[in-house]
Amino acid sequence: MTAPEVLEAWRFDIENAPEGESVIIATTGDHVGEAIAPVKGDPYDDWFWAGVGFVHANHKVIAWMPMPTHPAARQSRGGEG
């Protein structure tokens, strides 16, 4: 993936992140990682770092992107690579 493709993958419509699903987020404070989008919470405040805990109130989610996949993983599920 090229740098422009990576930038295009980021979404800034925080309120439209898929509820309860793992995504990659970027926050203020230069943090990037896997997190779970809030379900019926404040889409800007109730994020949960995967395996860690809630995103600290001092760090606001500024963008998200779907979890990436790898061609070999898709093939192992019977999908196309």
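Rounded to the nearest 0.5 angstrom, Ile36 CD1 and Phe54 CZ are separated by 9.5 Å. Ile62 contributes atom CD1, which lies 9.5 Å from atom CD1 of Ile25 (distance to the nearest 0.5 angstrom).
With hydrophobic clusters built from ILVMFWY side chains whose heavy atoms lie under 4.5 angstrom apart, Ile14 does not share a cluster with Phe48. Follow the hydrophobic side-chain contacts under 4.5 Å out from Met67 and you reach Phe12 in the same cluster.
Every residue was checked against the ring-ring contact (aromatic ring centres under 6.0 Å, His included) condition with His56, not counting sequence neighbours, and none meets it.
The salt bridge (Lys or Arg N to Asp or Glu O under 4.0 Å) pairs that include a residue from residues 53-73 are Asp45-Lys60, where partners are two or more places apart or lie in different chains. Counting only residues at least two apart or on different chains, no salt bridge (Lys or Arg N to Asp or Glu O under 4.0 Å) pair has a member in residues 9-24. Among residues at least two apart or in separate chains, side chain to side chain donor-acceptor pair (under 3.5 Å) pairs with a member in residues 31-40 are Ser22-Glu34.
Across all their heavy atoms, Trp10 and Ala63 have their closest contact at CE3-CB, 3.7 Å. Across all their heavy atoms, Ala17 and Ala37 have their closest contact at CB-CB, 4.1 Å. Closest approach of Ile24 and Pro66 over heavy atoms only: CG1-O, 4.4 Å. Across all non-hydrogen atoms, the minimal contact from Val23 to Met65 is CB-O, 3.3 Å.
Using a 4.5 Å heavy-atom threshold, the side chains of Thr27 and Trp47 count as separate.
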